[in-house]
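Below: the structure, in structure tokens.
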Amino acid sequence: MTTYILRHGQTNYSKRYLVNGDPGKRIHLNEEGRQSLSHAWATLPLHSVATWLTSEFPPALQTTSLLMGVPFAGPVVDARLNELDYGQFEGVPFLDYAVWLDAHGADERPPGASESQREGIRRMFSGCSPPASIPVPGFSSATA
């Protein structure tokens, strides 16, 4: 089995290095993000993908949909692949969060967050181990 794990295509939010851990926020791929996905069919064996996994985030869903090319059974949406909950750092530059993280460590939850960085990473890894009922080879598109 071969698994590909990708970050979603570019958004205006990601272009400005802003963090978003809220899947309800309506952020979508920008033109550059959509265009960059057109090269994937030439470089990855997407025709052999049996299962598509994605987070609940709109950019990840949009990326998966564009990479799938033609609709079929649809992706498996798994909330375990969602981005971290950044708490008070939602919508601010990643470096602000990074400074806080450096001072407090990966085990501490940011104010207002439901998880620490370490808890979020463990959750995401658990989402990369789909149950045996999902056919393989798999393909995972997650936000990062």
Side-chain angles (χ1 to χ4, degrees), residues 1-40 43-46 48-69 71-144:
M1 171 178 95
T2 301
T3 300
Y4 302 96
I5 299 176
L6 304 176
R7 190 182 193 307
H8 60 77
Q10 187 183 81
T11 68
N12 289 334
Y13 227 69
S14 64
K15 186 175 182 175
R16 295 180 1 233
Y17 302 101
L18 303 178
V19 297
N20 174 45
D22 179 3
K25 194 167 195 108
R26 292 292 162 226
I27 297 170
H28 296 282
L29 301 180
N30 61 21
E31 184 60 29
E32 187 174 339
R34 288 186 299 276
Q35 287 295 322
S36 68
L37 298 174
S38 65
H39 305 292
T43 57
L44 296 171
L46 300 180
S48 66
V49 174
T51 302
W52 296 79
L53 302 173
T54 184
S55 74
E56 299 174 310
F57 281 71
L61 290 164
Q62 192 177 7
T63 296
T64 303
S65 175
L66 291 169
L67 288 176
M68 287 170 57
F72 62 97
V76 175
V77 179
D78 190 333
R80 295 176 299 170
L81 297 173
N82 285 353
E83 180 59 91
L84 298 174
D85 175 355
Y86 291 99
Q88 76 176 27
F89 296 99
E90 291 290 335
V92 302
F94 176 80
L95 287 179
D96 292 358
Y97 170 69
V99 168
W100 180 90
L101 187 63
D102 188 50
H104 294 88
D107 290 313
E108 189 169 331
R109 293 179 179 178
S114 63
E115 64 188 353
S116 68
Q117 182 191 52
R118 189 171 319 277
E119 291 168 328
I121 289 170
R122 284 187 183 128
R123 170 183 47 77
M124 289 179 214
F125 276 134
S126 75
C128 292
S129 301
S133 62
I134 296 178
V136 292
F139 190 97
S140 182
S141 172
T143 60

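Distance check, rounded to the nearest 0.5 Å: OG of S14 to CG of N30 gives 6.5 Å. Interatomic distance, L101 CG to F94 CZ, rounded to the nearest 0.5 Å: 7.0 Å. Expressed to the nearest 0.5 Å, how far NE2 of H8 lies from CG of L61 amounts to 11.0 Å. Distance check: S126 OG to D78 CG gives 7.0 Å after rounding to the nearest 0.5 Å.
Within the structure, the side-chain hydrogen bond (donor to acceptor under 3.5 Å, both in side chains) test picks out no pair touching residues 88-98 (sequence neighbours left out). Here salt bridge (Lys or Arg N to Asp or Glu O under 4.0 Å) pairs that include residues 13-32, with residues two or more places apart or in two chains, are E31-R34. Sorted by first and then second residue, the ring-ring contact (aromatic ring centres under 6.0 Å, His included) pairs involving residues 13-32 (not counting sequence neighbours) form an empty list.
Although no hydrogens or angles enter the test, the distance criterion places a donor-acceptor pair under 3.5 Å between the side chain of Q62 and the main chain of L29. A side-chain donor-acceptor contact under 3.5 Å links T63 to the backbone of P59.
Looking at L18 and N20, their side chains never come closer than 4.5 Å, going by heavy atoms from C-beta outward.
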Return a table of donor-acceptor pairs under 3.5 angstrom between the side chains of residues 117-125 and protein atoms on other chains or two or more places apart.
| unit_1 | atom_1 | unit_2 | atom_2 | d |
| --- | --- | --- | --- | --- |
| R118 | NE | D107 | OD1 | 2.6 |
| E119 | OE1 | R109 | NE | 2.9 |
| E119 | OE1 | R109 | NH2 | 3.3 |
| E119 | OE1 | S116 | N | 2.6 |
| E119 | OE1 | S116 | OG | 3.4 |
| E119 | OE2 | R109 | NH2 | 3.1 |
| R123 | NE | E115 | OE1 | 3.1 |
| R123 | NH1 | R80 | O | 2.9 |
| R123 | NH1 | N82 | O | 2.7 |
| R123 | NH2 | N82 | O | 3.3 |
| R123 | NH2 | E83 | O | 3.2 |
| R123 | NH2 | E115 | OE1 | 3.4 |
| R123 | NH2 | E115 | OE2 | 2.6 |

Is there a side-chain contact (heavy atoms from CB on, under 4.5 Å) between W52 and L46? Walk through the geometry before answering. CA-CA 10 Å; W52 296 79; L46 300 180; 4.1 Å; yes
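Taking every heavy atom of both residues into account, T54 and P75 meet most closely at CG2-CB, 3.9 Å. When all heavy atoms are compared, the tightest approach of A40 to L67 is CB-CD2, 3.4 Å.
Here S114 pairs with D85 under the side chain to side chain donor-acceptor pair (under 3.5 Å) rule; sequence neighbours left out.
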